[in-house]
Amino acid sequence: QVQLVESGGGLVQAGGSLRLSCAASGRTFSRYTMGWFRVPPGKEREFVAGISWSGGSSTYYASSVKGRFTISRDNAKNTVYLQMNSLKPEDTAVYYCATDRHPESYGTTRTDEFDFWGQGTQVTVSS
């Protein structure tokens with residue numbers, strides 16, 4: 001059984017930083033691309049950032065967060081991180097981590113290509 005557990009959300013002022021963590025179990029973590037998505041209030045789920053499996057370990061970002069957010073992974077800890085800097089009120093959302101359904105793929109932004117999701121963690125950025 002694959003489980004993903006996010007942590008690190010909270011309330012922060014605009015311009016501040018947060019680091020989200022996602023601990024994974026039940027799958028050979030290093031073989032799978034991992035992604036972060038978010039659901040802003042009243043909006044659809046959107047892709048935020050992805051990091052390919054360990055063979056590639058390339059990273060890719062939504063244009064709205066590029067240069068401010070950094071995704072990374074620690075395969076020894078089965079954990080993926082999202083460092084969020086220079087936060088803006090429009091970054092307010094519930095953030096989810098997810099794992100690609102295909103092992104050793106080279107990255108996707110499509111929601112339907114991710115088969116297991118965490119429970120989400122709330123990030124609120126005040127102006």
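The residues of the chain are indexed from 1 along the displayed sequence. Note that this is a predicted model, so its numbers are computed, not measured.
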Any donor and acceptor pair, going by atom type alone, linking the side chain of [X] with main-chain N or O of [Y] inside 3.5 Å?
X	Y	value
T28	S30	no
Q13	S127	no
S17	N85	no
T79	K77	yes

Exercise. Salt bridge (Lys or Arg N to Asp or Glu O under 4.0 Å) with R38: which of E90, E44, E46?
Worked result: E46

Seminar exercise, completed: side-chain contact (heavy atoms from CB on, under 4.5 Å) with Y32: of S52, P103, S105, only one passes, and it is P103

Exercise. Less than 4.5 Å apart, any side-chain heavy atom of K88 and any of R68?
Worked result: yes

For this session: List, by chain and number, the other hydrophobic cluster members for V123, where Ile, Leu, Val, Met, Phe, Trp and Tyr join if side-chain heavy atoms come within less than 4.5 Å, directly or indirectly.
Result: V2, L4, V12, L18, L20, F29, M34, W36, V48, I51, Y61, V65, F69, I71, V80, L82, M84, L87, Y95, F116, V125

For this session: Inspect the contact between R27 and D100 and indicate whether a charged nitrogen and a carboxylate oxygen are less than 4.0 angstrom apart.
Result: no

Problem set entry | R101/D112 ion pair, N-O < 4.0 Å | no

For this session: Test side-chain contact (heavy atoms from CB on, under 4.5 Å) on F114 and T108 and set out the steps.
Result: CA-CA 9 Å; F114 291 82; T108 178; 3.5 Å; yes

For this session: Give a yes-or-no answer on whether the side chains of Q122 and T124 include a donor-acceptor pair shorter than 3.5 Å.
Result: yes

So, taking the atom named [atom1] in [X] and the one named [atom2] in [Y], what distance separates them when rounded to the nearest 0.5 Å?
X	Y	atom1	atom2	result
E104	R31	CD	CZ	4.5 Å
H102	W53	NE2	CH2	15.0 Å
Q83	T70	CD	OG1	7.0 Å

For this session: Could you tell me if the ring centre of Y96 sits under 6.0 Å from that of F37?
Result: no

Exercise. Any idea which heavy atoms bring C97 and E6 closest together, and the distance?
Worked result: N-OE2, 2.9 Å

Problem set entry | Within 45° cone of W117 ring axis and under 6.0 Å: R45 NZ or CZ | yes

